Amino acid sequence: MCNLYSITTNQAAISALFRVVNRYVGNLGPMPGVFPDYQAPIVRNGANGRELATARWGMPSSSQALLQATKKRAEKLQAKGKTVDFKELLRMEPDSGTTNIRNVKSKHWTRWLGLEHRCVVPFNSFSEFNKAEGGDIWFALDETRPLACFAGIWANWTSVRKVKEGETTNDLYAFLTTEPNIEVGAIHPKAMPVILTTPDEVETWMTTPADEALKLQRPLPDRTLKIVARGVKEDAAPARASI
């Protein structure tokens with residue numbers, strides 16, 4: 001599961017590469033470490049063309065997951081002798097979100113597979129954790145960490161992300177995962193992000209019907225990725241803008 005990545009290419013280069021028409025990001029600086037629930041840049045389809053925007057990493061969790069979490073919380077409160085309004089407790093259940101999406105056939109995810117909810121998530125490198133191999137293992141397309149992107153989805157959603165924030169409305173995003181290729185599999189055998197490396201792949205993801213676009217949910221060919229760092233939380237190496 002990828003829960004850490006970096007995006008250090010500047011926003012002008014991101015906009016040029018992904019044919020962005022409008023930007024809604026302000027002064028976007030390098031982000032050597034993007035963690036779950038952080039605000040980070042995405043490129044999405046807007047009414048007037050491609051938009052560069054920021055969103056919080058983590059799409060809404062399934063209603064079943066939230067229901068189970070609320071039941072556990074209710075049981076703990078009831079054990080302390082407190083009265084529980086379960087409906088209100090469920091509405092206010094904190095949900096930091098789902099960062100990686102594998103089962104795109106789930107009804108929870110199919111609602112967001114249309115063009116209006118598709119996005120690409122720019123990145124230069126991403127990390128998979130393996131304690132035996134040194135901790136955070138960083139992957140990129142090569143040692144220069146060129147710009148690429150994950151195939152993602154986004155939504156505007158009202159929920160409780162953190163208890164101290166209460167109920168808020170946010171743009172949220174996550175990206176697809178698939179079985180790993182040989183490099184990632186040696187570190188994290190369960191999954192790797194769905195990575196787009198060519199303009200044609202980006203266009204397919206952003207413009208074609210879901211059945212066609214989801215053919216991109218596949219691992220990169222073996223030996224496409226390089227390990228570029230080990231054992232560091234933030235990957236601050238310089239990057240170039242090419243895809």
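Model, not experiment: these values are computed from the prediction. Numbers here are sequence positions counted from 1.
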Run the salt bridge (Lys or Arg N to Asp or Glu O under 4.0 Å) check on E75 and K72 step by step: do they pass?
CA-CA 5 Å; E75 289 170 358; K72 290 180 180 179; over 6 Å; no

Using the rule side-chain contact (heavy atoms from CB on, under 4.5 Å), only one of T198, L216, L214, L196 pairs with T204; which is it?
L216

Drop me the distance from I137's CD1 to H188's NE2, to the nearest 0.5 angstrom.
12.5 Å

Taking W112 for its side chain and W154 for its backbone only, find out whether a donor-acceptor pair lies under 3.5 Å.
no

Could you check if a side-chain atom of V43 sits within less than 4.5 angstrom of a side-chain atom of E51, using non-hydrogen atoms only?
no

So does C2 get a backbone contact from the side chain of N100, meaning a donor-acceptor N/O pair under 3.5 Å?
yes

Hey, is R218 close enough to E201 for a salt bridge, meaning N to O under 4.0 Å?
yes

Donor-acceptor under 3.5 Å (R145 side chain, T8 main chain):
no

Exactly one of Y38, W57, F139, F35 clears ring pair (Phe, Tyr, Trp, His ring centres under 6.0 Å) with Y5, and that residue is W57

Using the side chain to side chain donor-acceptor pair (under 3.5 Å) definition, which of the options N170, D171, T169 pairs with N156?
D171

So, T144 and D142: side-chain donor and acceptor under 3.5 Å apart, yes or no?
yes

May I ask you to decide whether R50 forms a salt bridge with E203, counting only side-chain N to carboxylate O separations under 4.0 Å?
yes

Donor-acceptor pair, side chain of R230 and main chain of E133, under 3.5 angstrom:
yes

Below 30° counts as parallel, above 60° as perpendicular, anything between as tilted: where do the rings of F150 and F123 land?
parallel

Test item: side-chain donor near acceptor, S61 and D95, under 3.5 Å:
yes

